Number of protein chains: 2
Amino acid sequence: MGTKQYKSTLTYELGELLKASDRSVKLKKGTYLFQEGQPAKEMYILLSGKIQISKMNAERKELNLRLCQYNDIVGELTLFTVDPRYLFNAKVIESGEAAAINIENLEKVLFNNSKLAYEFIRWMNDHFRKTTTKFRDLVLNGKKGALYSTLIRLCNSYGIVKETGILIDVYLTNQELANYCGTARESVSRMLGELRDEGIISIERKRVIVHSIQHLKTEIDCENCPIEFCNIE
Amino acid sequence: MGTKQYKSTLTYELGELLKASDRSVKLKKGTYLFQEGQPAKEMYILLSGKIQISKMNAERKELNLRLCQYNDIVGELTLFTVDPRYLFNAKVIESGEAAAINIENLEKVLFNNSKLAYEFIRWMNDHFRKTTTKFRDLVLNGKKGALYSTLIRLCNSYGIVKETGILIDVYLTNQELANYCGTARESVSRMLGELRDEGIISIERKRVIVHSIQHLKTEIDCENCPIEFCNIE
DNA sequence: TAAATCATGTGAAAAAAATCACAAACAGAA
DNA sequence: TTCTGTTTGTGATTTTTTTCACATGATTTA
């Protein structure tokens, strides 16, 4: 009991990718694996640790897009472009290790292995699907909807089922949570406080326990889409 | 003078795709080419007319995601999935015609033609990139930012350069514009009114003319990203 | 051409969210 | 353990946005 509820696609084919892996990189908490605008030579697969993918706007407000862990792919959007550059920031929020894959090599592999290319297209589809649904939630359901949606996704990706509810096994500050929602830190603090008072969640040493995910779901009219499309990776 | 400023990728390879085209479909204004949840057998390439891609939430609020025209691909996200279903609504807002491509056929073609698969991955990358940037604008810059971003993208996709400014050559109601921004119809009306009073835009028979796109850009701290990543397709 | 339908503009009020300012709580380092 | 820097909670205020209600304007269509 008490393990991750869902692990994303790329399975056998992931092995293929890893074979093309050139080197491994140590990830130190607080550093960046890459940042927006840097020239991109490599794509990565996480072996351990956690990485937050974000995009800044010009006012330096940050929007967190994904929270990645073991087996997740990061830096993928640079494939097959001229003068490839990273589009996002990849911040290490839990130390670990990643396998680096040279983009040029990967492009060759994809070109010669249609099974893998196919798998990759499928993965991108899934990925796109998640993103769009998430943004719909963020844009249409107000800031409360944004937070609830984020919590649900965090449950699906990092939730550990306990007797009392689902423990979201990541240490996130309110500010970071706010960056997932495009909202103000204080608003998150207030909304979490409300949920706490209503007994929907509780907070135990910086981690959230969701006692009634159903409540969050009904509040945003969650259509109970399959868990593989409703996560934060 | 006076033509579309940018036309998206898939060029030669588009021809390849079209060769696999099975039939063509007439598009009648006001109808839907497909709707969320319907089983998906075909992907489409627009030959003429305009189609709006949207996603609903459970409260039946609609979020408009793309506005597609000649040579744009719609219904693409169903590839390589089991029990494929459309994720979005495709509403015809200007009559025209589309080439339908059977998904199973296309999967075969992609599988056997790595050049095409490669091109497809690249297209999806671009597509993803646009989407993410757009949503960042929507989420981080408030409702005004959302509208300005939408107007800029509309200029890039449908703008016709005139002496006085850029004419956005699409007939959109305030409600439809609002659906692109995740905002209320009345708010759009008010914001457009303000822009009109300031002389930034004017409206001529339901179409917007942007006199100072620069003003819109500075307001949302637009980093002047390449036009091919800043459009509404 | 009139009637009907749909789209727009706008005031007033309510609701949602951000901002500012500061105290309290907590975590990590010395 | 104490100090220090970070994170959290919260009141008060301001700003942004939505909502409601209704008048006006524009387009269809019969």
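Every chain is numbered from 1, with letters handed out A, B, ... down the list of sequences. This is a predicted model, so every value here is computed, not measured. Computation of the quantities below employed the complete heavy-atom set of this structure, encompassing side-chain atoms and omitting hydrogens, waters and symmetry-equivalent molecules.
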Nearest whole angstrom, please: distance from the [atom2] of [N] to the [atom1] of [X].
X	N	atom1	atom2	value
B:Lys206	C:dC6	NZ	P	13 Å
B:Lys143	C:dA18	NZ	P	11 Å
A:Glu186	C:dC20	CD	P	9 Å
A:Lys29	C:dG28	NZ	C1'	11 Å
B:Tyr171	C:dT8	OH	C1'	17 Å
B:Glu176	C:dA7	CD	P	8 Å
A:Glu204	C:dA27	CD	C1'	17 Å
B:Asp197	C:dT8	CG	P	17 Å

Completion exercise
With a 4.0 Å cut-off (strictly under) to non-hydrogen atoms of chain A, the first and last hit nts on DNA chain D, 5' to 3', are D:dT7 to D:dA12
Completion exercise
Considering only heavy side-chain atoms of A:Arg190, the closest of C:dA18, C:dT19, C:dG11 is C:dT19
Problem - CG-CG distance between B:Leu138 and B:Leu63, expressed to the nearest 0.5 angstrom - result: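 Separation between the atoms: 7.5 Å.
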Under 3.5 Å, side chain of [X] to main-chain N/O of [Y], donor-acceptor pair present?
X	Y	answer
A:Lys61	B:Leu140	yes
A:Asn231	A:Ser157	no
A:Lys50	A:Tyr171	no
B:Asn89	B:Gln35	no
A:Lys55	B:Thr133	no

Problem - Upstream residue (5' side of DNA chain C) when A:Lys144 and B:Gln175 are each assigned their closest nucleotide - result: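 Closest to the 5' end, via its nearest nucleotide, is B:Gln175.
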Completion exercise
Residue pair B:Ile203/A:Arg185 against DNA chain C: nearer the 5' end by closest nucleotide is B:Ile203
Practice task
Look at the aromatic rings of A:Phe88 and B:Phe128 and report parallel, tilted or perpendicular, splitting at 30° and 60°.
Solution key: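 Aromatic pair A:Phe88/B:Phe128 classed perpendicular.
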Problem - Sugar-phosphate, base or nothing in reach of B:Thr173, heavy atoms under 4.0 Å - result: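 Sugar-phosphate, backbone atoms only, no base.
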Handout entry: Presence of A:Arg205 side-chain N/O under 4.0 Å of C:dA27 phosphate oxygens OP1/OP2
Key =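 Looking at the OP1 and OP2 atoms of C:dA27, neither is under 4.0 Å from any side-chain N or O of A:Arg205.
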